[in-house]
Amino acid sequence: MKKKLGMFIARKVGNSIVLTVPSKAGVKLGERFELTQKDNDTLIYKKAIDSNPALHSQRQVHQGL
C-alpha cells in the first residue's frame, strides 16, 4: 500500500543535505535506512535489516532500551 506523506524540500544542515521525515511516517529515532537511486533520479528509502547483531545492541543502548 502506498501512502503519500507530502512534498519536502532538501535543506542543508552542516555538511549534509537533509530531507524531513514527518512524524506520521512512524520512523523512530535511530532507525537505519538503505537509500537506492533509480536511473530516473527516483530515491527510495527502505528500512535496513541489520545482519550484524552488534549494531542492533548499540542502537538499543543509544535509545536507552
Side-chain angles (χ1 to χ4, degrees):
M1 172 175 97
K2 287 186 180 182
K3 181 169 47 169
K4 189 170 186 173
L5 298 176
M7 289 182 56
F8 305 94
I9 296 173
R11 58 190 170 86
K12 186 164 177 74
V13 176
N15 290 328
S16 298
I17 301 296
V18 176
L19 290 172
T20 301
V21 177
S23 58
K24 63 184 173 183
V27 174
K28 296 176 185 161
L29 186 62
E31 280 187 297
R32 295 168 45 98
F33 288 83
E34 177 182 276
L35 174 62
T36 304
Q37 183 175 17
K38 290 189 170 186
D39 293 335
N40 64 357
D41 292 331
T42 298
L43 300 177
I44 299 172
Y45 283 90
K46 289 186 179 181
K47 193 178 287 191
I49 299 172
D50 292 331
S51 59
N52 183 344
L55 292 176
H56 180 69
S57 297
Q58 288 173 358
R59 190 168 51 255
Q60 285 183 333
V61 168
H62 175 70
Q63 293 177 347
L65 299 176

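Model, not experiment: these values are computed from the prediction.
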Student: Please report the shortest heavy-atom distance between Leu19 and Ile9, naming the atom on each side.
Tutor: CD2-C, 4.3 Å
Student: Who else is in Val18's hydrophobic cluster (ILVMFWY, side-chain heavy atoms under 4.5 Å, direct or via others)?
Tutor: Val13
Student: May I have the list of side-chain donor-acceptor pairs in residues 35-49 shorter than 3.5 Å, sequence neighbours left out?
Tutor:
unit_1	atom_1	unit_2	atom_2	d
Gln37	NE2	Asp41	OD1	3.4
Asn40	OD1	Thr42	N	3.1
Asn40	OD1	Thr42	OG1	2.7
Asn40	ND2	Thr42	OG1	3.3
Lys47	NZ	Glu31	OE2	2.9

Student: Which pairs count as salt bridge (Lys or Arg N to Asp or Glu O under 4.0 Å) when at least one residue sits in residues 4-20, sequence neighbours excluded?
Tutor: none
Student: Answer yes or no: does atom CD1 of Ile17 have more than 12 heavy-atom neighbours from other residues, nucleotides or ligands under 6.0 Å?
Tutor: yes
